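Residue indices begin at 1 and follow the sequence shown. The shown structure was predicted, so the numbers you read here are calculated from the model rather than taken from an experiment.
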Amino acid sequence: MKRLALLLATAALSTPAMAADVLVPEPPAPAPVAYEPISETTTWTGLNLGVQAGVAFGNSDNGANFNTSNPVLGSGVFDDDDNAGFIGGGHIGYDYQFQNNVVVGAVADINYIDAETNRSYTTPGGAEFNSNSDINYLGTVRGRLGYAFDSVLVYGSGGLAYAGVDNDISAPNIANYDFDNNGDDADIGYSVGAGVDVMATQNLSFGVEYLYTNLGSNEQSVTGTGTGPNAGQTIKYTTDSSNEDLDFHTVWAKASYHFN
């Protein structure tokens, strides 16, 4: 009896432990850790280098006069031709973007330009005066002020413009007159405009820009002094219009690399 009682007691003590081993569930697997995606916000702050290319076209200057004391050479026909041409070059700039997305900066560019203005004036007697203004290069140094819509920058720009201009003027052969030519090179002025840049990658942007450039007064004239029977008489051809300045428009596309 004692042995039976001992066996029963032992079984009673071991059964809960075995049951516990069987019934206790495994601990749950750890919950997956959620990672926030890394967002890269576009910044326009930094140095940038790039190239641009487009077209330049001028204003129409409908006006000229021919002053003379000789009525035979009186009023004539004026013709003006502004030719559109290629413009292209390189630029360097620096921009700074504030926390409110306002962007301020500066840019300098230098460009080859193939644009010219041709003028001619024909008198009733068939004498023809010709003038030509040929722009060889154009550079600007401008400020920029814009607003960034993340990867899109809209801005205005303005500043100094300088250019190399060749002025050439010719006079017809008119008996008993000696002609003296005068043409002022218009080489310093200003440029103003606006543009849009789009950041295609973190470092590369593309854009389009419009500029109006005015290089100042560009009056040209030919003065003829009478000789022989016309001694004491003077005739003068002067390019003159409601807009005497040498001015033109440019529209170009740009590509820039940003060191930001």
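- Side-chain contact between Phe206 and Val198: absent, with no pair of heavy atoms (C-beta onward) separated by less than 4.5 Å.
- Shown here for Val196 and Tyr155, the closest heavy-atom pair between the two residues is N-CE2, 3.8 Å.
- To the nearest 0.5 Å, atom OH of residue Tyr137 and atom CD1 of residue Ile113 are 12.0 Å apart.
- Between Arg142 and Ser157, the closest heavy-atom pair is NH1-OG, 2.6 Å.
- The closest side-chain donor-acceptor pair between Asp178 and Thr225, if any, does not fall under 3.5 angstrom.
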side-chain contact (heavy atoms from CB on, under 4.5 Å) between Tyr162 and Ile110: does it pass, once the steps are laid out? CA-CA 9 Å; Tyr162 58 95; Ile110 185 69; 3.8 Å; yes
What do the steps show when you test Asp109 against Thr140 for side-chain hydrogen bond (donor to acceptor under 3.5 Å, both in side chains), and what is the final call? CA-CA 5 Å; Asp109 59 65; Thr140 73; 2.6 Å; yes
Could you walk me through whether Asn48 and Asn260 pass the side-chain contact (heavy atoms from CB on, under 4.5 Å) test, one step at a time? CA-CA 8 Å; Asn48 61 84; Asn260 49 20; over 6 Å; no
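- For the atom pair CG of Leu138 and CG of Asp187, the computed distance is 11.5 Å after rounding to the nearest 0.5 Å.
- Taking the six-membered ring for Trp, Phe98 and Tyr96 have ring centres closer than 6.0 Å.
- In this structure, Gln99 CD and Asn101 CG are separated by 9.5 Å, a value rounded to the nearest 0.5 Å.
- Side chain of Asn100 to main chain of Val102: a donor-acceptor pair is present (N/O by atom type, distance under 3.5 Å, no hydrogens or angles).
- Clustering ILVMFWY residues whenever any of their side-chain heavy atoms sit less than 4.5 angstrom apart, transitively, puts Trp252 in a cluster other than the one holding Val107.
- Atom-to-atom distance recorded for Gln52:CD and Thr250:OG1 is 9.5 Å, nearest 0.5 angstrom.
- When all heavy atoms of Thr42 and Gln97 are compared, the pair lying nearest together is O-OE1, 3.9 Å.
- Although no hydrogens or angles enter the test, the distance criterion places a donor-acceptor pair under 3.5 Å between the side chain of Asn203 and the main chain of His258.
- Listed by chain and residue number, Phe149 satisfy the ring-ring contact (aromatic ring centres under 6.0 Å, His included) test with Tyr147 (two or more places apart in sequence, or in another chain).
- Contact between Ile135 and Ala163 at its shortest, heavy atoms only, is CG2-CB, 4.1 Å.
- Tracing side-chain contacts under 4.5 Å through hydrophobic residues (I, L, V, M, F, W, Y), one reaches Tyr257 starting from Tyr94; they form part of the same cluster.
- For the atom pair CG (Asp95) and OG1 (Thr45), the distance works out to 8.0 Å, reported to the nearest 0.5 Å.
- For Trp44 (side chain) and Ser151 (main-chain N/O), no donor-acceptor pair under 3.5 Å exists by modelled atom type.
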What do the steps show when you test Val192 against Tyr212 for side-chain contact (heavy atoms from CB on, under 4.5 Å), and what is the final call? CA-CA 5 Å; Val192 293; Tyr212 167 75; 4.3 Å; yes
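- None of Leu153, Val154, Thr43, Leu145 except one satisfies the side-chain contact (heavy atoms from CB on, under 4.5 Å) rule with Val103; the exception is Leu153.
- Here the closest heavy-atom approach between residue Ala161 and residue Thr213 is recorded as CB-CG2, 3.8 Å.
- Residue Asp197 holds its CG atom at 5.0 Å from OG of Ser205, rounded to the nearest 0.5 Å.
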